[in-house]
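First the structure, in the form of structure tokens, and then the observations on it.
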Amino acid sequence: MAAQSAQSTPDVGHVPALATSLVKPKSTTALKVTSPAFADGARIPADNTQYGANRFPGLQWTAGPRGTRSYVIIVQGDPRRDGQTGSRATPSAAGQTSIHFSAINLPANVTSLAAGLSALPAGASYGPNVHGLAEPYAGPHTHTSVPQPYHFQVFALNTKLTASHTLTFDQIIAAMQGHVLASGEITATSAKPEGEQYAKAVRTESGLVTGVAGRDSAVTIYKGIPYAAPPVGALRWRPPAPAQAWEGVRKADQFGPLCPQPAEPGMPPQAMSEDCLTLNIWTASAVEATPRPVYVWIYGGGFIGGTGASPDFDGEGLARKGVLVVTFNYRLGALGFLSTPELSAESGHKASGNYGLLDDIAVLQWVQRNIAAFGGDPKRVTIGGQSAGAGSVGFLSMSPLATGLFQQSIAQSHARDPRDPELRYLSVSYRQQQAAEQAGLRYVDAKGTHDLAALRAMPWQQVVEGSNTIDANVDTLSSGKPPLFRPVVDGWVIPQGYSATMAANAQNKVIYIAGNNSDETGAVPETAFATLRARTGPPRAGNPQVNVTLEAFRSNARAKFGALADDFLKLYPATNDDEAALASNQAARDNSRISTWSWARAWEKGSGKPVYTYFWTHAQPGPGAAMRGAFHGSEINYAFGNLYATNRPWTDEDKRIADTMSSYWANIIKTGNPNGAGLPQWPAYDAGAASVMRLGEDWGTMPIATPERIDFWQRFFATQQPW
């Protein structure tokens, strides 16, 4: 399933002879050429070949004679007939030499190229190789186990060549004639590694990986692939650095460690470690003619917990429907979202606190560079997430750093009108930079130091301790409070808040799918009223209270709605505790649907792309159904089509719902439109139709609320400060 090379036509990567045999220097003085990766005549390490990380091995040479104005470097395989030395095995390449690297106009004061070269010195430019014209290093990819020689040739010239991205090998040789003052080379060998794992391996930018078969052998899973370096030591509280390369084949059969977080019941058994920036892929086992659309999933957990390895996010169900699924880990809590003046000052952007979001962006960039090798299409990428994952989707959809990295966004729960006070405590809440820095100062004060070196040397367990707390300073007009550590409007990753972004039409131009569940954000199943009301003890910090009584319902309404409280109580009347609980439910659900409907109007206007909204109503089966209903996150298994992955008493009806729901999601990922053959019609958002698509118990549009209630919530939102 290796990626196809960007091979030009006709073949520019294979020529009849070595450059040293075609161009003769003016003197007998030879340049001494060495490499830090291998000795003359030795084996080229796998890391420096296309069977490994394809890293440039590094090169040094002695300075050219007086009059040297530039250097040309050409790396070629030996023109042998007993084995292919190029990147592709074709009859026409037999007996020719393969070009693996060429560079012209290296300055006269440069006498080395570093290992892992990512950019040439100023003024230099790439020439052709087996991947095409003007291509960077393409290491050996021999097609025989017989060692093949490779020549790393350096030429000192008394001139500079005319640079062009269309320059061929023959043109370089012709331009060098009569201008070579001295030359030299180092030769090393490479051969096709032995073992079946190399035949099955997929090359990433860091090295080769092999996966494991899914439940269905038509699906292959790759687990725990590093997408960034471990964010430890000096890399803690910095943007993610490139992943470290490895030699040989990495067996990607185990999920990576969880990013540090407070332990929770039912948490997967993987160990925690700061070395946690890994991703997982579900894709087709067989090579397919058309690349697959890609779904990058961001887990929820209040920005304090979670993992891409959760069984709820198993991607095989969607992979069976033609989608390539990516899940991953990102930094959480204090390690992912700490902001302080010191961190902002050192950043170069006067910004700090969004390291978890920068991890998200690093994954999307990794997908652009690597996913084709797994059969994915980097031009068809959808991001999705639930709860804090949905919040991340929203922030990425507003971030200029993520522009062009995806085409669709799926936010499962909590896309809200910027004037809805519920926005302030949900997982789509954010902090302003100054408030985040001050909260960060108080947090590190409790750790005993402001010194960044000391904080970076502190054990992560000590950093994380006490991070699972709320931000009590945010006025939400209710008992709901946001998590302390969450994204920051920093002027860089997130330039502006929701209202300002949409007012400026500055959001990324993506198709957006957003919805809510019937039993979340203060609403509960009606079968839970009595049990919840009987509960004693302190209220749940950071969450709306659901043990509703008539007295509490009325007093909360007056505290929240002020002068509009009487209007609210007329629209949601109650004379006893049961009626109050029912009215509270109705109000919470109306609020969710109306707020998302109102948000969609502003989002669509600025994006120019379709928006689809939904309301999920199906409760998962099992003994907890009466208390939980269609709870926060209950739709995830159905959208992934992976009921097989979790141990619940699924019914045939659940399986039918999962098939329909996952078909909608697969269609969104493939085309940007949920609709398809055999599915109930899901209309795109229409500002003139106050309706939403109902998913789960049945399928079809429903009113978001009565006209009177829509009018009330719109009037209430108008009284609030926009976020």
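Throughout, numbering of the chain's residues begins at 1 and tracks the sequence. Computed from a prediction, not measured in an experiment: that's the story for all the values here.
Residues W237 and F337 place their aromatic rings such that the two centres sit no closer than 6.0 Å. Taking the six-membered ring for Trp, Y430 and W723 have ring centres closer than 6.0 Å.
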Please test D314 against R215 for salt bridge (charged side-chain N to carboxylate O under 4.0 Å, His left out), starting from the C-alpha separation and ending with a verdict.
-> CA-CA 11 Å; D314 185 291; R215 293 171 176 82; 3.2 Å; yes
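By the 4.5 Å heavy-atom criterion applied to side chains, D275 and P257 are not counted as neighbours. Side-chain contact between P231 and L277 is present, with at least one heavy-atom pair separated by less than 4.5 Å.
Ring geometry, Y638 versus W650: the interplanar angle exceeds 60°, so the pair is classed perpendicular (tilted spans 30 to 60°). Between Y299 and F328, the ring planes are tilted. Angles from 30° to 60° get that label. Note on ring orientation: taking the six-membered ring where Trp is involved, the planes of F56 and Y137 are perpendicular (angle over 60°, cut-offs 30° and 60°). Using cut-offs of 30° and 60° for the angle between ring planes, the F313 and W297 rings count as tilted.
A cation-pi arrangement is found for R250 relative to W246, the charged atom lying closer than 6.0 Å to the ring centre and inside a 45° cone about the ring normal. The side-chain tip of K481 does not point at the ring of Y425 from less than 6.0 angstrom away and within 45° of straight on. Annotation: cation-pi geometry not satisfied between R431 and F395 (NZ/CZ under 6.0 angstrom from ring centroid, within 45° of ring axis).
Note on residues 332-348: pairs passing salt bridge (Lys or Arg N to Asp or Glu O under 4.0 Å), not counting sequence neighbours, are R238-E346, E346-R456. Applying the disulfide bond (SG atoms under 2.5 Å apart) rule to pairs touching residues 228-260 yields C259-C276, sequence neighbours excluded.
Comment: K350 does not engage D490 in a salt bridge, judged by the lack of any side-chain N to carboxylate O separation of less than 4.0 angstrom. A salt bridge does not link K223 to D253: none of the charged nitrogens lies less than 4.0 Å from a carboxylate oxygen.
Although no hydrogens or angles enter the test, the distance criterion places a donor-acceptor pair under 3.5 Å between the side chain of S399 and the main chain of V493.
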